[in-house]
S.K.: 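Have a look at this one.
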Amino acid sequence: MNLVHIIQSYLKGALQQVFDIEVESATIKLEQTLQDYKGDYTFVVFPYVKQTRKSPEQTAAALGDFLQSQNKIAEYNVVKGFLNLVLNDALLFEFFIAAGKDENHFRTNTGGAKKVVVEYSSPNTNKPLHLGHIRNNLLGFAVAEILKSGGYDVKKANLINDRGIHICKSMLAWQQSGLQETPQSSGLKGDHLVGKYYVAFDKTYKAEIEALVNDGLTEDEAKKKAQSMIEAQQMLLRWENGDPETIALWKLMNGWVYDGFDVTYKRLGVDFDTYYYESNTYLLGKAIVQEGLDKKVFYKKEDGSVWIDLTDEGLDHKLLLRADGTSVYITQDIGTAQLKYDDFHYDMSLYVVGNEQDYHFKVLQGILKKMEKPYANGIHHVSYGMVDLPSGKMKSREGTVVDADDLMEEMHDEARRIILERGKTEGMTAEQIDALCEDVGMAALKYYLLRVDPQKRLLFNPAESIDFEGNTGPYIQYTNARINSVIDKAGDNLVNTGYSTLLEPERELLLALHNYKITLDKAATTYNPSEIANYVYDVARIYNRFYYECPIAKEDVALETRTFRVALSKFTGQTISECLRLLGIKAPKKM
RNA sequence: GGUCUCAUAGCUCAACCGGAUAGAGCACCGGUUUUCUAAACCGGGGGUUACAGGUUCGAUCCCUGUUGGGACUACCA
């Protein structure tokens, strides 16, 4: 049951009866009445005054009068051209009863079971995950869950970039160290061990460049002639030629990284239905490039390199295959897009990738369109902004990255500090306390990253940015735990039969709860989890006010009122839990 | 140079796709608990929405320009 639709139909009728104006119900714009005015929904009459031939005030008053005389609304007031409507309590209550009975209240069918692949995470296998990856993973996971609730058939995919020069750098440095270090022997998590050698390579490489520059080479020359770079390139060639020793080392070290990633993913709470590996897809990409050449969509330069002309799309000429026949990044993405389509026959294919690749995805779509691939129009780049630190951008080479594993550990510790300080852990086992610290710490981190519009850059201040009070994950969790507690006290086996006049906090809460489906659909169609994050905060804030002002399980509360308020609390708890679930945040029963 | 993007309270973010007096949190000041979890609630101060024009009943939102950040523009990924 959708209150907005109902009010729209009321207004459609009123416009017709009073002014003889015919409009589509869906085109009638309604807003929620602002805090400082009396009312639930507001209708702006300005767009209609030309047809009514009356002043905005007269128009609004005439419509309000009509609706009230028909008993469609409880009351109304007019401020300039704004018609503020107060709904009948019975209507709000009807919504509440209907929603409570509806098993599918937390789902919509907007997606119409369309198949959608959500690719996210997509790490390189030469170093551990950092804060930027965390944003990516949380966004990807949440977008996928939101789409599922919105009625889409979703597959989560992780495209692992497991080949290339960067992996060879780690391999080379590991080999040269001669230490034969393993995760077991070193006690290091696999991805961190491999990352350590990636850093080691870079150190050596930089020293070599400096030496060459001192010998009189330009920096560009030095970068190409440095010994370790030459060796890394040779190793990449050996890899591409299938040299058994190189492949074995590659498999060994990638295996360590995957083990490490699994631990990080598990702690982050993200998962995947399927994995793709660039080592598998780049060859398919090459084959499709050949197909494009045959179709004359691509062209070959004299040096043998392959290009596409996208100038008619407002883009540029783009290289698809190097002169030596090796593939570039976009070649692999062409292959992966095809492979995904072969696997799932998707209607939509989302790529959760940073906004630094906006151009890349325009090019990818342009290419697929020119290839007349059936899936070309379904691909969409879910672009998000970089995560900045107070010191500026994160740079792995300068050691200013915030490591994902370290950060999660710090959040856990910080949560523990605060939880012990509050001293509400009576009767909990050490394991339960530990689990709570994890849930609360991760909630603070996740909510902080997800509440911001994905498109925008995000400033992360490790020292002070993660709070546990106010507009935060733990605040929302706390509200839910509070609800849980009050229901425990009051008992929830009462059957709701009626209501007395709704108080302001109650109707405000009902309207907020009613917004769930509207918010879900908006989040789903815009691929924007921050809609859910901001919404659930709103619900929690409104509930806390209700909780403070309206006694629920206290002695002197009439049974009918108590029953209604318990039911309202329970429904609020369900709504909060559901939103948190969409965001990958746990909802502890007690905290 | 070209293309794209961002700029809102001291700080971090909202603002329901053009609507009212631009809202929250943090920080600061003051108040609320013999009563359901004070990680809560209420109140106060704090804004020329970067700047200048334009479009219209109405602009933080759309258009143009300026300034200032960022990204892309690699035979890197």
Side-chain angles (χ1 to χ4, degrees), chain A residues 29-37 42 44 46-47 49-50 56 79-82 84 122 124 161 163-166 278 301 303 305-307 314-316 319-324 326-330 332-333 354-360 362 383 385-386 388 392-393 418-419 421-422 424 440 444 448 451-453 455-461 464-465 467-479 481-490 515 518-519 522 526 530-531 534-535 537-538 540-541 543-545 547-557 562 565-566 569 590-591:
Chain A
K29 271 186 61 186
L30 277 177
E31 293 163 42
Q32 257 181 272
T33 305
L34 295 184
Q35 209 50 253
D36 297 342
Y37 300 88
T42 296
V44 185
F46 289 114
V49 293
K50 270 184 188 158
V79 181
K80 292 187 242 177
F82 299 90
N84 299 320
S122 306
N124 292 356
N161 180 24
R163 50 153 248 129
I165 190 77
H166 44 290
E278 290 195 354
K301 281 195 180 172
D303 64 3
S305 58
V306 178
W307 297 73
L315 303 168
D316 214 333
L319 175 96
L320 301 175
L321 225 47
R322 295 190 187 98
D324 65 4
T326 58
S327 67
V328 293
Y329 182 51
I330 197 121
Q332 301 166 23
D333 263 357
N355 64 10
E356 59 200 353
Q357 293 191 30
D358 285 352
Y359 183 77
H360 171 79
K362 280 183 194 163
S383 173
M386 299 290 101
D388 288 326
K393 203 183 169 182
I418 290 178
I419 285 166
E421 199 178 279
R422 313 242 184 235
K424 292 184 187 174
V440 172
Y448 184 82
R451 66 180 255 252
V452 180
D453 184 338
Q455 310 245 12
K456 297 195 174 171
R457 304 177 70 88
L458 187 152
L459 184 75
F460 185 87
N461 188 334
E464 58 189 47
S465 61
D467 287 319
F468 290 77
E469 292 170 12
N471 189 355
T472 65
Y475 170 91
I476 296 159
Q477 288 179 313
Y478 172 76
T479 309
R482 223 180 191 188
I483 289 170
N484 218 61
S485 168
V486 77
I487 291 173
D488 270 355
K489 282 237 160 73
N515 283 339
I518 296 168
T519 308
K522 196 174 175 199
T526 57
S530 80
E531 295 283 354
N534 287 307
Y535 167 74
Y537 170 68
D538 219 40
R541 195 172 47 78
Y543 181 84
N544 276 319
R545 186 190 176 131
Y547 180 90
Y548 188 84
E549 293 188 12
C550 304
I552 300 162
K554 292 180 185 175
E555 293 295 325
D556 54 348
V557 180
R562 176 190 177 108
R565 288 179 183 166
V566 168
S569 296
K590 222 175 156 180
M591 65 185 280

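Values below: all heavy atoms of this structure, side chains included; hydrogens, waters and symmetry mates excluded. Residue numbers start from 1 in every chain, and the chains themselves are labelled A, B, ... in the order their sequence lines are given, proteins ahead of strands. As the structure is a prediction and not an experimental result, all values here were calculated from the model.
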S.K.: At a cut-off of 3.5 Å, list every protein nitrogen or oxygen paired with a nitrogen or oxygen from nucleotides 3-12 of chain B, distance to 0.1 Å.
M.R.:
residue	atom	partner	partner atom	Å
B:U12	O2	A:R451	NH2	3.4

S.K.: Using atom P of each nucleotide, how far apart are B:G1 and B:U48 to the nearest Å?
M.R.: 32 Å
S.K.: Tabulate atom names and distances for all N/O pairs under 3.5 angstrom spanning the protein and nucleotides 44-47 of chain B.
M.R.:
none

S.K.: Could you give the CD-to-P distance, from A:E31 to B:G23, as a whole number of Å?
M.R.: 14 Å
S.K.: Taking B:C4 as the reference, what is the distance to B:C13 when you measure between their C1' atoms (whole Å, please)?
M.R.: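 So the two C1' atoms sit 24 Å from each other.
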S.K.: List in chain and number order the residues that pass salt bridge (Lys or Arg N to Asp or Glu O under 4.0 Å) with A:E549, two or more places apart in sequence or in another chain; answer none if no residue qualifies.
M.R.: A:R545
S.K.: Taking B:A59 as the reference, what is the distance to B:G54 when you measure between their C1' atoms (whole Å, please)?
M.R.: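 It comes out at 11 Å once rounded to the nearest Å.
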S.K.: Using salt bridge (Lys or Arg N to Asp or Glu O under 4.0 Å) as the criterion, list what pairs up with A:E555, not counting sequence neighbours.
M.R.: none
S.K.: Classify A:T526 by what it touches in the nucleic acid, base, sugar-phosphate, or nothing, heavy-atom distance under 4.0 Å.
M.R.: base
S.K.: Taking ring pair (Phe, Tyr, Trp, His ring centres under 6.0 Å) as the test, write out the residues that go with A:F82, two or more places apart.
M.R.: A:F46
S.K.: Set out, line by line, the N/O atom pairs under 3.5 Å between protein and nucleotides 32-35 of chain B.
M.R.:
residue	atom	partner	partner atom	Å
B:U32	O2'	A:Y548	OH	3.0
B:U32	O2	A:Y548	OH	3.3
B:U35	O2	A:K554	NZ	2.9

S.K.: Whole angstrom is fine here: how far is it from CG in A:D303 over to C1' in B:C75?
M.R.: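 Nearest whole value for this atom pair: 8 Å.
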S.K.: Please lay out, stage by stage, how A:D467 and A:T472 fare under the test side chain to side chain donor-acceptor pair (under 3.5 Å).
M.R.: CA-CA 7 Å; A:D467 287 319; A:T472 65; over 6 Å; no
S.K.: Restricting to side chain to side chain donor-acceptor pair (under 3.5 Å), what partner residues turn up for A:D303, sequence neighbours left out?
M.R.: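 Applying side chain to side chain donor-acceptor pair (under 3.5 Å) to A:D303 gives A:S305.
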S.K.: Taking atom C1' in both B:U67 and B:C51, what distance in whole Å separates the two?
M.R.: 7 Å
S.K.: Using the test side chain to side chain donor-acceptor pair (under 3.5 Å), find all partners of A:Y448 that sit at least two apart in sequence or belong to another chain.
M.R.: none
S.K.: In whole Å, measure the gap between the P atoms of B:C16 and B:A52 for me.
M.R.: 24 Å
S.K.: Could you check whether A:Y359 gets within reach of a base, just the sugar-phosphate, or nothing at all, counting any heavy atom under 4.0 Å?
M.R.: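 A:Y359: backbone/sugar contact only, no base atoms under 4.0 Å.
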S.K.: Can you tell me the distance, in whole Å, between the CD1 atom of A:I518 and the P atom of B:C17?
M.R.: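 From A:I518 CD1 to B:C17 P: 11 Å.
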S.K.: Can you work out whether A:S530 or A:C550 has the more 5'-proximal nearest nucleotide on RNA chain B?
M.R.: A:S530
S.K.: For Watson-Crick and G-U wobble pairs within 3.5 Å on both distances, what is RNA chain B written in dot-bracket notation, | included for inter-strand pairing?
M.R.: (((((((..((((.....[...)))).(((((.......))))).....(((((..]....))))))))))))....
S.K.: Tell me every residue that passes salt bridge (Lys or Arg N to Asp or Glu O under 4.0 Å) with A:R482, counting only those two or more places apart in sequence or in another chain.
M.R.: none
S.K.: If you go through the side-chain atoms of A:T42, does one of them form a donor-acceptor pair with the base of B:A20 closer than 3.5 Å?
M.R.: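 Such a pair is found, so the answer is yes.
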S.K.: Ignoring the backbone of A:R541, work out which of B:C75, B:A24, B:C36 is nearest its side chain.
M.R.: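 Of all the options, the side chain of A:R541 is nearest to B:A24.
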S.K.: Are any side-chain N or O atoms of A:R322 and backbone N or O atoms of A:S327, one a donor and one an acceptor, separated by less than 3.5 Å?
M.R.: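 Yes, because the side chain of A:R322 sits within donor-acceptor range (under 3.5 Å) of the backbone of A:S327.
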S.K.: If only side-chain N and O atoms count, and only distance matters, is there a donor-acceptor pair under 3.5 Å linking A:N161 with A:Q332?
M.R.: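 Their side chains do not contain a donor-acceptor pair, so the 3.5 Å distance test is not met.
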S.K.: What distance, rounded to whole Å, do you find between the two C1' atoms, one in B:A7 and one in B:U60?
M.R.: 11 Å
S.K.: Could you tell me how far B:U66 sits from B:G2 if I compare only their P atoms? Round to whole Å.
M.R.: 11 Å
S.K.: Has the side chain of A:N84 got a donor or acceptor atom sitting under 3.5 Å from an opposite partner on the base of B:A20?
M.R.: yes
S.K.: Which residues satisfy the side chain to side chain donor-acceptor pair (under 3.5 Å) test with A:T519, sequence neighbours excluded?
M.R.: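 None.
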S.K.: For A:K489 and A:E278, find the nucleotide of RNA chain B closest to each by heavy atoms; which residue's nucleotide sits nearer the 5' end?
M.R.: A:K489
S.K.: Residues two or more places apart in sequence or in another chain: which of them pass side chain to side chain donor-acceptor pair (under 3.5 Å) with A:S122?
M.R.: A:E119
